[in-house]
Peer 1: 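Can you read through this structure? Questions will come right after.
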There are 2 protein chains.
Amino acid sequence: MARAATTADAFNAVAEPLRRDILDALADSERSVGDLVEVLGLGQPQASKHLRVLREVGLVEVREVGRRRLYRTNAQALRPIHEWVSRYEQQWNERFDAVDAVLEELKERES
Amino acid sequence: MARAATTADAFNAVAEPLRRDILDALADSERSVGDLVEVLGLGQPQASKHLRVLREVGLVEVREVGRRRLYRTNAQALRPIHEWVSRYEQQWNERFDAVDAVLEELKERES
DNA sequence: CAAACATATACCCATATCGGCATACGTCAA
DNA sequence: TTGACGTATGCCGATATGGGTATATGTTTG
């Protein structure tokens with residue numbers, strides 16, 4: 001047994017830079033596979049494969065129009081990531097506050 | 001050439017569930033490797049390896065105390081993820097609003 | 001200095017991943 | 001219906017990944 005981890009969840013889907021690029025490209029408008037291929041400059045099969053991963057974790061949805069498939073983002077699927085990361089938001093704010101405090105300290109010492 | 005993608009960035013580091021568990025375990029307090037091994041129930045080498053990945057992308061920092069190494073999170077390194085995901089926050093809110101609107105519609109229709 | 005302890009590293013195996021190419025599948029047009 | 005088009009899938013090769021075991025490295029204690 002080996003490699004138990006790489007489950008197909010949103011975290012993994014988004015770990016691949018190209019897939020983030022795809023999501024970004026779909027952020028404002030629906031696009032066909034061909035569109036994405038042209039915009040992002042990757043191979044058509046690669047695009048289809050990445051889209052499949054994104055689809056399987058619910059990050060994109062498809063609509064069939066003639067022989068084309070129009071993809072769009074489903075931002076909902078990003079919420080688990082957002083929620084997990086947000087738990088740490090306070091920590092980096094605290095640290096900023098700490099830095100601010102030190103700066104304030106130095107400033108006072110100057111005068 | 002193949003597999004150009006898997007760069008060692010925060011997105012990838014966090015894609016592994018165990019590494020998220022490690023970060024969560026370190027969220028409130030500094031811990032030694034042995035602590036983590038005990039708390040999370042994984043092998044010691046595995047813990048060290050995951051910690052190394054986390055360290056290389058800046059998600060944790062170390063402090064050496066005697067023969068132990070105390071790890072702690074550096075939430076800062078999560079900001080790129082937070083920022084990227086946050087760009088989509090509005091989209092899922094919009095969608096919630098749409099659902100709300102439909103529900104409102106149905107409610108009115110009932111009365 | 002030797003032995004116990006804490007952690008990191010090296011190595012191996014199994015498997016997942018990604019890109020590239022060829023091809024299958026479904027749809028539209030002539 | 002046949003052929004072009006748009007997209008998905010299958011297969012391959014190269015490589016990265018994660019767990020497991022053994023071991024190296026550094027530190028404390030006796």
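Chain letters run A, B, ... following the sequence lines, proteins first and then strands; every chain starts at 1.
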Peer 1: Would you kindly give the CZ-to-P distance between A:Arg52 and C:dG19, to the nearest whole Å?
Peer 2: 16 Å
Peer 1: Any non-hydrogen side-chain atom of B:Asp21 less than 4.5 Å from a side-chain atom of B:Leu18?
Peer 2: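 Yes, their side chains come closer than 4.5 Å.
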Peer 1: In whole Å, what is the span from the CD atom of A:Glu16 to the P atom of C:dT17?
Peer 2: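 Spelled out: CD on A:Glu16 to P on C:dT17 is 11 Å.
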Peer 1: Does B:Ala27 offer a backbone N or O that forms a donor-acceptor pair with the side chain of A:Gln91 under 3.5 Å?
Peer 2: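 At least one qualifying donor-acceptor pair exists.
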Peer 1: Can you check the A:Asp21 CG to C:dC18 C1' distance for me, whole Å?
Peer 2: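 For the pair A:Asp21 CG and C:dC18 C1', the rounded distance is 15 Å.
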Peer 1: Provide, to the nearest angstrom, the distance between the CZ atom belonging to A:Arg19 and the C1' atom belonging to C:dC18.
Peer 2: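 Taking atom C1' of C:dC18 as the reference, CZ of A:Arg19 is at 9 Å.
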Peer 1: Counting heavy atoms from C-beta on, name the nucleotide in C:dT7, C:dC18, C:dA29 closest to the side chain of B:Arg69.
Peer 2: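 Closest of the options to the side chain of B:Arg69: C:dT7.
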Peer 1: Remaining members of B:Leu70's ILVMFWY cluster at a side-chain heavy-atom cut-off under 4.5 Å?
Peer 2: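 Its cluster partners, ordered by chain and number, are B:Val65.
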Peer 1: Between B:Arg19 (side chain only) and B:Val14 (backbone N and O only), is there a donor and an acceptor less than 3.5 Å apart?
Peer 2: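 No, because the side chain of B:Arg19 does not come within donor-acceptor range (under 3.5 Å) of the backbone of B:Val14.
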Peer 1: In residues 41-50 of chain B, which residues come under 4.0 Å of DNA chain C by heavy atom?
Peer 2: B:Gln44, B:Pro45, B:Ser48, B:Lys49
Peer 1: Can B:Arg87 and B:Glu83 be counted as an ion pair, charged N to O under 4.0 angstrom?
Peer 2: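 A salt bridge is absent here (no side-chain N lies under 4.0 Å from a carboxylate O).
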Peer 1: Need to verify one output field. Residue with the more 5' nearest nucleotide on DNA chain D, B:Glu64 or A:Leu70?
Peer 2: A:Leu70
Peer 1: Expressed as a whole number of angstroms, how long is the span from A:Arg67:CZ to D:dG6:P?
Peer 2: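 Taking atom P of D:dG6 as the reference, CZ of A:Arg67 is at 6 Å.
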Peer 1: To the nearest Å, give me how far apart CG (B:Leu54) and P (C:dA8) are.
Peer 2: 12 Å
Peer 1: Using whole Å, what does the distance between atom C1' of nucleotide C:dG19 and atom CG of A:Leu18 come to?
Peer 2: 10 Å
Peer 1: For a quick check under 3.5 Å, do A:Asn74 and B:Tyr88 share a side-chain donor-acceptor pair by atom type?
Peer 2: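 No, no side-chain donor-acceptor contact under 3.5 Å.
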Peer 1: Tell me which residues in residues 28-40 of chain A lie within less than 4.0 Å of DNA chain D, going by non-hydrogen atoms.
Peer 2: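 Contacts with DNA chain D under 4.0 Å: A:Ser32, A:Val33, A:Gly34.
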Peer 1: Which heavy-atom pair separates A:Ala77 from A:Ala10 by the least distance, and what is that distance?
Peer 2: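 Taking A:Ala77 first and A:Ala10 second, the nearest heavy atoms are O-CB, 3.6 Å.
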Peer 1: Can you tell me the distance, in whole Å, between the CD atom of A:Glu56 and the P atom of C:dT17?
Peer 2: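 Taking atom P of C:dT17 as the reference, CD of A:Glu56 is at 10 Å.
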Peer 1: Are OP1 or OP2 of C:dA6 and a side-chain N or O of B:Tyr71 less than 4.0 angstrom apart?
Peer 2: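 Checking B:Tyr71 against C:dA6: no side-chain N or O falls below 4.0 Å of OP1 or OP2.
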Peer 1: Is the ring pair A:Trp92/B:His82 parallel, tilted or perpendicular, if the boundaries are 30 and 60 degrees?
Peer 2: perpendicular
Peer 1: Are A:Val62 and A:Val57 linked, directly or through other ILVMFWY residues, by side chains that come within less than 4.5 angstrom of each other?
Peer 2: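 Result: yes, single cluster for both.
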